[in-house]
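Scope of the values below: all heavy atoms of this structure, side chains included, with no hydrogens, waters or symmetry mates.
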Amino acid sequence: MALTEIIVKYNGDIFSVANAFNSFAEILSPNYAILFIDSSQINQLYSFPEIEDIELPKKLYLGTSFNLTSSCIRTVQNSYSYDLNGNGTIIGIVDSGIDYTHMDFRNADGSTRILYLWDQTVDGSPPADFNEGTEYTQFQINSALQSENPFSIIPSNDFNGHGTAVAGIAAGNGNSSDGENIGVAFQADLIIVKVGQKGNDFFAQTTEIMRAVKYIVSKSRELQKPVAINMSFGMNNGSHKGTSLFEEYLSDISAEWKNVLVVPTGNEGGAGHHFNGSLKSNQTKEIEFFTASGITNFYLSLWKNFADSFAVELIFPNGISSGIINLENRLKTVRVDNMTLTVIYGQPTRYSAEQEIYFNISANENYIRSGLWKLRIIPSTIVDGEINIWLPTVEEVTAKTYFSNPSVYNTMTLPSTANKVIRVSGYNDRIGNIAEFSGNGIPDTSLIPDIAAPAVNIVSARSGGGYDYFTGTSFAAPFVTGSAALMMQWGIVNGNSPFLYGERIKAFLRLGARRSDGVVYPNQTFGYGTLCLSNSVSYMERYQWGGFEFV
């Protein structure tokens, strides 16, 4: 029997709950765990007083699509200035893995800079307190590197190349290019977690990310070193307001040990995957969208005020209707040709007063019919009227799936919408413009990027050796991750500011950001401006007040 992973927020003895299902629980923190139970037993969880909330895991996709001078990083790296290189800090990379043989992640003597590599996709010997994957230590990696065929000893590789490039920007030492293609925190230690469904290098589930973050923070605490964690993943499946258990967990764990969590805003800015509209009572609204050919599954995630009531109807590209589906159905399955539609009316949670109506369309064989779809919303009682709908990300359904009348706002992907992470948008530092693809926040709200970093034609380490060019907000985030490590080196390692982590890092990054004349900040694209690390470090110095810092 295949068990389903369930994210739970709990109190008391979670193991007694697991025992009631003859199963087991994996502890993430004192209040969060992953339960493994049969899907038919999920409703029974609500009867246990230990369970405060539950959430099914969702899939996040890699955001695929150096410019240290424009980001004022070279200045703080120079020996005549601050001489910061990341020494004494840790860079954590949660991604598609790493080419651990690449010279950019090795010392001058050929030994590895990677302290730990946990490959969640390789069965073997998982870390303590975890049940899947294989953990490789620095000693084991060095032993593999001394052999003629390292991958025959440690069979963990980055076939996608995404994680290797991200690590190269944040922490590559440029060994393969005589220091020319140097990264930000080029002497930082590395902890790598390869996530992803077995056999698929393009997405990971939220539960895998949560495990990875816990692992990296725990290891860093054991080593007594501050850590900056990069998570270049994104999805559209959620309210985009930081209210999921997944996002709440990231915000909570940001308060543990001395860490910083960095997430890109995603590549959805120009994708046409968000619709925002308003409803009026007794006035049907029709929303059109198109799907590309060659996809086997997609979803619509519709969020509304719980006080509003309406029915829905989906018209397939062949003109066939799903029929009218309303709250009385709660869970409705409709089969049309080779396609299956599932509609679920959700409920508010302890974190959100909104309601989700979730549509999932899958092909039973071959592909989903491409073309024009119509979603009809049939209101009965409307109090607020605002609706937001998201299609999957570009990485899931390509740019040929889109709304006919989309909104460019509120296109930051999850988990960049979590409250305590550093949100990084992407810009073209050669011309100064925000990248067309960069995810946008909501104007005049707190749901905006914190800072923008270079995201177009970035040179970084290539899996298999050498270097290549990379574009996307995934490659903007590690500029900030590496910068955070340098800031923590100056503050924590060098003893200038022992509490320089978490939200304090975010605050100084915002303060030091470059801002253009005539532009109102913060805004939905650049946030507080573009990354300028030397400015941030300078402000950190000024706030020492004669060598003693008041916090």
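- Within the 4.5 Å cutoff, side-chain heavy atoms of Arg106 are placed close to those of Leu145.
- Residues Val394 and His273 come closest through the heavy atom pair N-CE1, 3.6 Å.
- Looking at Glu5, its side chain never comes within 3.5 Å of a backbone N or O of Glu208 through a donor-acceptor pair.
- If you run side chain to side chain contact (heavy atoms under 4.5 Å, CB included) between Ile91 and each of Val184, Leu190, Asp189, Val166, only Leu190 comes through.
- Considering all non-hydrogen atoms of both residues, Gly472 and Phe437 come closest at CA-CE1, 3.6 Å.
- Using a 30° and 60° split on the angle between ring planes, Phe289 and Phe298 fall in the perpendicular class, above 60°.
- Taking the centre of each ring, Trp257 and Tyr501 stay at or above the 6.0 Å mark.
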Report task. Output, in order, the C-alpha distance, side-chain angles, deciding distance and verdict of ring-ring contact (aromatic ring centres under 6.0 Å, His included) for Tyr469 and Phe475. Result -> CA-CA 10 Å; Tyr469 289 91; Phe475 310 107; over 10 Å; no
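- Partner of Tyr136 under the side chain to side chain contact (heavy atoms under 4.5 Å, CB included) criterion, out of Thr112, Ile154, Ile114: Ile154 alone.
- Taking the six-membered ring where tryptophan is involved, the planes of His162 and Phe233 are tilted, since the angle between them lies from 30° to 60°.
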Step by step, work out the side chain to side chain donor-acceptor pair (under 3.5 Å) result for Asp83 and Ser79.
CA-CA 4 Å; Asp83 196 22; Ser79 58; 5.3 Å; no
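- Between the side chain of Asn78 and the backbone N or O of Tyr80, no donor-acceptor pair lies under 3.5 Å.
- Inter-residue side-chain proximity for Asp99 and Phe151 is flagged as met; some heavy-atom pair is nearer than 4.5 Å.
- Not one N or O on the side chain of His274 forms a donor-acceptor pair closer than 3.5 Å with the backbone of Asn388.
- Using modelled atom types, no side-chain atom of Arg462 and backbone atom of Asp468 make a donor-acceptor pair closer than 3.5 Å.
- Taking the six-membered ring for Trp and the full ring otherwise, the centers of Phe508 and Tyr539 sit at least 6.0 Å from each other.
- Rounding to the nearest 0.5 angstrom, the gap separating the OG1 atom in Thr134 from the CD atom in Gln140 is 9.5 Å.
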CA sep, side-chain torsions, deciding dist, call: Thr481, Ile229, side-chain contact (heavy atoms from CB on, under 4.5 Å): CA-CA 7 Å; Thr481 305; Ile229 303 174; over 6 Å; no
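- Tyr215 approaches Ile191 most closely through the heavy-atom pair CE2-CG2, 3.9 Å.
- Separation of the Phe186 and Phe105 ring centroids does not fall under the 6.0 Å cut-off.
- Lys225 places none of its side-chain heavy atoms less than 4.5 Å from the side chain of Ser220.
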* Passes side chain to side chain donor-acceptor pair (under 3.5 Å), Glu541 versus Tyr82? Steps please. -> CA-CA 11 Å; Glu541 271 195 312; Tyr82 295 100; 2.8 Å; yes
Just do the side chain to side chain donor-acceptor pair (under 3.5 Å) check on Tyr467 and Asp104 with the steps written out, would you?
CA-CA 10 Å; Tyr467 302 90; Asp104 272 31; 2.6 Å; yes
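- Checked by atom type and distance alone, the side chain of Thr89 pairs as donor or acceptor with a backbone atom of Gly86 at under 3.5 Å.
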Evaluation steps, side chain to side chain donor-acceptor pair (under 3.5 Å), between Thr417 and Glu247
CA-CA 8 Å; Thr417 46; Glu247 294 163 291; 2.4 Å; yes
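- The closest donor-acceptor contact from the side chain of Asp450 to the backbone of Gly527 lies at 3.5 Å or more, if one exists at all.
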